[in-house]
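Report on the structure given below.
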Amino acid sequence: MKENTAIPYKIYLEESEMPKAWYNVRADMKKKPAPLVNPGTGKPMTAAELEAVFCADLVKQELDNDTREFPIPDDIRNFYKMYRPSPLVRAYCLEEKLGTPAHIYYKFEGNNTSGSHKLNSAIAQAYYAKKQGLKGITTETGAGQWGTALSMASAYLDLDLIVYMVKVSYEQKPFRREVMRTYGSRVIASPSDTTNVGRKILEEFPGTGGSLGCAISEAVEYAVTHEGYRYVLGSVLNQVLLHQSVIGLETKAALDKYGIKADTIIGCAGGGSNLGGLIAPFMGQKLRGEADYDIVAVEPASCPSFTRGTYAYDFCDTGKICPLAKMYTLGSSFMPSPIHAGGLRYHGMSPILSELFDQKQMRAISVEQTEVFKAAQMFARIEGILPAPESSHAIKAAIDEALKCKETGEAKNIVFGLTGTGYFDMVAYGQFNDGKMSDFIPSDADIAKSIAQLPKV
Ligand SMILES: *Cc1c(COP(=O)(O)O)cnc(C)c1O
């Protein structure tokens with residue numbers, strides 16, 4: 001172990017130091033993210049249109065580009081206190097193993113039963129649904145982390161929850177499914193015969209394993225055709241990034257407590273919610289010209305929205321019933337290879353992060369999955385935590401950055417988001433352990449094919 005460790009292994013905040021308001025990074029953006037657009041009219045979605053699908057308070061948050069701070073209601077703060085503040089860990093053991101002069105920190109969001117950061121937004125969305133007097137909410141889940149988080153939040157608030165779970169995951173991840181049912185949710189394998197869009201897809205592609213985009217379409221259709229229900233979404237949207245700012249605010253408070261200035265901030269990017277939350281207050285400083293940071297999004301080489309996508313309006317779902325969002329996208333018909341096991345499979349990216357990336361306020365890299373699992377294995381053995389494959393994209397990038405510092409001799413402060421644990425991903429780990437994992441990189445032609453189907457706006 002390194003001597004002279006004035007900085008503890010874990011920097012905890014007191015309850016009283018927890019954020020009292022979420023931070024809305026859009027308030028500090030001169031050029032705002034593009035608005036959601038109604039595919040029927042080609043005009044920006046109005047609050048009234050959005051309220052048919054989403055909860056009213058969440059629509060206000062979604063559309064508000066100017067309010068810098070949103071106070072966190074006491075009920076949500078009290079729920080947060082059950083599993084937050086989350087620790088910021090100094091990765092002393094990893095630093096030693098790598099022999100790097102860099103200082104590595106990670107914000108660990110896996111310390112709750114759902115095992116990921118998604119609970120931060122799940123409780124907020126369930127709270128506003130309950131406040132509105134709704135009977136219930138609907139959503140989709142792929143691997144199951146979001147569905148699990150929302151199940152916990154809905155159980156806590158005594159709210160009905162219907163989860164459309166991508167059929168392959170429903171069949172191959174029975175443990176997640178049963179966690180959700182234990183918390184009282186109704187879990188339906190998608191595509192299903194409970195919706196028009198589900199029935200249509202089943203007819204066209206009998207035996208399909210489903211997709212996230214299809215599950216979204218089903219969940220939205222159920223919500224808009226049943227009285228007292230609304231749809232909620234676990235990533236991509238502005239409101240989700242707002243709630244997830246609690247990650248970055250805590251990280252910044254912990255660093256400030258010890259006078260540490262981050263140099264590089266790294267996060268994995270699927271729909272962009274954990275990364276958007278982690279970087280929010282730092283990006284705010286950067287946009288206001290108060291500080292500079294190297295901000296890095298890490299995505300899988302098999303689903304490379306930032307690094308090989310197009311910045312354009314696209315559908316958020318395969319069924320094409322959701323509003324259009326302007327984002328870095330591979331096209332809504334893009335399907336990552338089924339051999340890709342590492343999560344982060346969404347075709348698009350948060351409009352906020354897309355705009356910041358377009359403005360070159362951050363950069364993006366892609367990594368291949370066997371490299372990601374190698375980093376995950378190393379991290380598990382050295383730091384003790386068994387990381388989620390998604391989170392391991394950030395681990396891989398942080399290790400590479402630390403190794404660069406070894407070459408240059410720079411003692412950079414590297415901060416990365418460790419979004420969750422991988423206990424439910426042991427099939428993927430098994431493939432890796434058996435040496436049966438391979439990498440898949442889509443060809444330019446694969447991507448061009450789905451890009452050609454972008455809507456004309
Ligand atoms: C869902 C998830 C992600 C990716 O989602 P983002 O919205 O991009 O944050 C990353 N890590 C874990 C553990 C997840 O569950």
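None of the values given here were measured: they were computed from a predicted structure. Order of appearance sets the numbers: ligands from 1, and atoms from 1 within every ligand.
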Options K118, E390, Q145, ranked by nearest heavy atom to atom 2 (C) of ligand 1, top entry | K118
Evaluate whether atom NZ of K10 has more than 12 neighbouring non-hydrogen atoms of other residues, nucleotides or ligands under 6.0 angstrom away.
-> no
Do the rings of Y429 and F373 sit parallel, tilted or perpendicular, given the 30° and 60° boundaries?
-> perpendicular
In this structure, are over 12 heavy atoms from other groups packed under 6.0 Å from R68 atom CZ?
-> yes
Would you confirm whether the ring centroid of F379 sits within less than 6.0 angstrom of the ring centroid of Y106?
-> yes
Are S86 and E250 side-chain neighbours, meaning at least one heavy-atom pair lies under 4.5 Å?
-> yes
Of all the non-hydrogen atoms in the protein, which one sits nearest to atom 12 (C) of ligand 1, and at what distance?
-> T419 OG1, 3.4 Å
Could you tell me how the ring of F282 sits relative to the ring of Y293: parallel (under 30°), tilted (30 to 60°) or perpendicular (over 60°)?
-> perpendicular
Would you say G270 and ligand 1 have an N/O pair spaced under 3.5 Å apart?
-> yes
So which heavy atom in the protein is nearest atom 4 (C) of ligand 1, and how far is it from that ligand atom?
-> L344 CD2, 3.5 Å
Within the structure, does G271 bring an N/O atom to less than 3.5 angstrom of an N/O atom in ligand 1?
-> yes
Looking only at distances, please establish whether an N/O atom of ligand 1 is found under 3.5 Å from an N/O atom of S235.
-> yes
Ligand 1 contacted by Q244 (non-hydrogen, < 4.0 Å) | no
Quick one: does G272 get an N or O within less than 3.5 Å of an N or O on ligand 1?
-> yes
Hey, which atoms in ligand 1 end up nearer than 4.0 Å to a heavy atom of C268?
-> 10 (C)
